[in-house]
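Heads up: the structure comes next, in structure tokens.
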2 protein chains.
Amino acid sequence: MKASGRRAETRLRLFSAAVELIAEQGYTATTVDAIAERAGVAKGTVFYNFGSKEALFTGLLDHGIGLLSGALSGAAAGRTALDALDSVVMAQLRFFEEYGAFARVLLAEMWRTAWQDAVAGLRRDALGVYAGVLRRAVAEGVVRDDLDVETAAAAVFGMVLTVAIERKVLHPDRPIERVHATLVELLHGRVAAG
Amino acid sequence: MKASGRRAETRLRLFSAAVELIAEQGYTATTVDAIAERAGVAKGTVFYNFGSKEALFTGLLDHGIGLLSGALSGAAAGRTALDALDSVVMAQLRFFEEYGAFARVLLAEMWRTAWQDAVAGLRRDALGVYAGVLRRAVAEGVVRDDLDVETAAAAVFGMVLTVAIERKVLHPDRPIERVHATLVELLHGRVAAG
DNA sequence: ATTTTTGTACTGACCAGTCAGTTATAAAAA
DNA sequence: TTTTTATAACTGACTGGTCAGTACAAAAAT
């Protein structure tokens with residue numbers, strides 16, 4: 001996995017072109033011709049590099065999920081578990097601020113059986129970060145010890161994903177800190193500070 | 001809008017066939033032939049009834065969103081706003097328990113610009129129920145009065161939607177009450193009752 | 001010298017939408 | 001009742017276009 005090199009660059013350009021088109025139109029509606037054109041590459045190059053449209057897409061999913069997982073786990077440190085939860089939420093918001101198209105692709109394709117393998121990595125790595133933080137919170141006694149950590153992790157992840165897209169689509173200039181504050185308030189359930 | 005009648009029945013059968021196939025394969029990948037076949041109807045009937053594949057789909061969205069909104073607003077009553085919030089969450093979980101395929105279609109297509117009009121109804125009606133309950137909560141002083149109600153509504157809706165699908169796909173026999181309890185615990189932010 | 005990319009042309013399968021013809025339904029006429 | 005009439009609902013073979021993937025010789029990059 002050399003990061004530089006002509007081939008690696010071509011692949012990244014193809015990922016980037018594909019994720020934007022697929023976010024707008026969906027996987028099936030996006031043609032290989034269109035991806036190649038936007039990437040500034042000949043159609044044959046797509047097949048030379050990935051072999052098939054499906055392989056390009058699962059490669060894209062793997063790539064994005066890797067980036068996302070890295071961003072989340074880098075943010076999971078914090079004095080208390082609730083601090084860590086806040087900063088993981090912020091990291092997820094920031095990640096999708098930068099890779100908004102990927103957020104939409106993920107949301108749309110997350111539950112499709114066709115890419116189960118790629119999505120398994122999402123569960124293990126990205127949701128795993130939330131699960132870890134929530135387990136810490138249980139250990140610290142700030143949430144009840146019968147909390148279903150897996151479900152709660154999916155809940156928070158889905159909540160942030162939804163809101164990140166909503167902001168991108170409907171309120172692009174709303175500051176990300178404000179959105180974060182709203183989510184944190186919901187999650188901590190703090191009562192009327194008036 | 002007569003509820004019975006040959007035509008209305010055909011339309012419902014087509015909705016039902018379409019939502020299942022589209023949940024599995026996505027909108028574009030689902031062919032009109034396949035929808036017609038599953039509905040036990042000739043292909044021409046689809047076009048006789050809806051005029052186009054797209055019109056069938058937006059009709060399906062409208063139909064489902066109407067059912068969902070009805071279910072949610074019917075549950076929005078409650079002694080306190082937080083009680084009401086709990087029961088709206090439960091109503092959403094139950095609705096997607098029954099119409100799981102629709103949940104997946106909604107999640108995947110909610111942000112596609114092609115069906116903005118149909119999805120506007122979702123914002124107005126379904127998310128509106130959450131927004132109303134949250135406004136009550138603000139009025140009752142149980143959440144801070146600077147809460148961004150619109151964002152919070154989207155957050156809760158997305159959270160429940162994600163978890164409903166996760167349960168359908170990964171833990172179908174987990175009791176719905178347990179999932180509800182987890183979500184409510186997250187939302188109320190109750191601290192270690194041990 | 002080898003890997004990677006280009007450009008163009010091609011194929012075979014697939015699919016949304018059409019349309020001329022057929023059947024079901026109900027109301028009017030016999 | 002039975003028959004006719006009108007039209008609403010449905011049918012399925014067909015069409016025109018689209019698209020993933022292939023082929024390959026020449027060029028460019030490493």
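Quick note on labels: first sequence line is chain A, next is B, and so on, each numbered from 1.
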Might you list the N or O atoms of the protein lying below 3.5 Å from N or O atoms in nucleotides 19-22 of chain C, with each pair's distance?
none

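Taking every heavy atom of residues 22-43 of chain B and every atom of DNA chain D, pairs under 4.0 Å involve Val41(B), Ala42(B), by number.
Here the P atom of nucleotide dA9(D) and the CZ atom of Arg6(B) are 8 Å apart, to the nearest Å. For the pair Leu14(B) CG and dC10(D) C1', the interatomic distance rounds to 11 Å; values are reported in whole Å. As rounded to whole Å, 6 Å separates atom P of dT5(C) from atom OH of Tyr48(A). If you take CZ of Arg7(B) and P of dA24(C), they are 18 Å apart, rounded to a whole angstrom. Whole-Å rounding puts the Asn49(A) CG to dT5(C) C1' distance at 9 Å. The NZ-P distance, from Lys53(A) to dT18(D), rounds to 16 Å in whole Å. Rounded to whole Å, atom C1' of dA16(C) lies 16 Å from atom CZ of Phe50(B).
Taking 4.0 angstrom as the limit, Thr45(B) places a side-chain polar atom (N or O) nearer than this to OP1 or OP2 of dT11(D). Phosphate proximity of dT5(C) to Thr10(A): present, with a side-chain N or O under 4.0 Å from OP1 or OP2.
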Do any side-chain atoms of residues 64-78 of chain B form donor-acceptor pairs under 3.5 angstrom with protein atoms, and if so which ones, sequence neighbours left out?
from, atom 1, to, atom 2, distance (Å)
Ser69(B), OG, Ile65(B), O, 2.8
Ser73(B), OG, Ser69(B), O, 2.9
Ser73(B), OG, Gly70(B), O, 3.4

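At distances below 3.5 Å, not a single donor-acceptor pair connects side-chain atoms of Ser16(A) with backbone N or O atoms of Leu12(A). A side-chain donor-acceptor contact under 3.5 Å links Lys53(B) to the backbone of Tyr27(B). Proximity of a side-chain donor or acceptor of Arg104(A) to a complementary backbone N or O of Trp111(B) within less than 3.5 Å is detected. One N or O on the side chain of His180(B) and one on the backbone of Asp86(B) form a donor-acceptor pair closer than 3.5 Å. Panel note: side chain Arg167(B), backbone Arg174(B); a donor-acceptor pair is recorded below 3.5 Å.
No side-chain N or O of Thr151(A) forms a donor-acceptor pair with one of Arg178(B) less than 3.5 Å apart.
Between the CG atom of Asp62(B) and the CG atom of Asp117(B) there is a distance of 8.5 Å, given to the nearest 0.5 Å.
For CD of Glu140(B), the number of neighbouring non-hydrogen atoms (other residues, nucleotides, ligands) closer than 6.0 Å is greater than 12.
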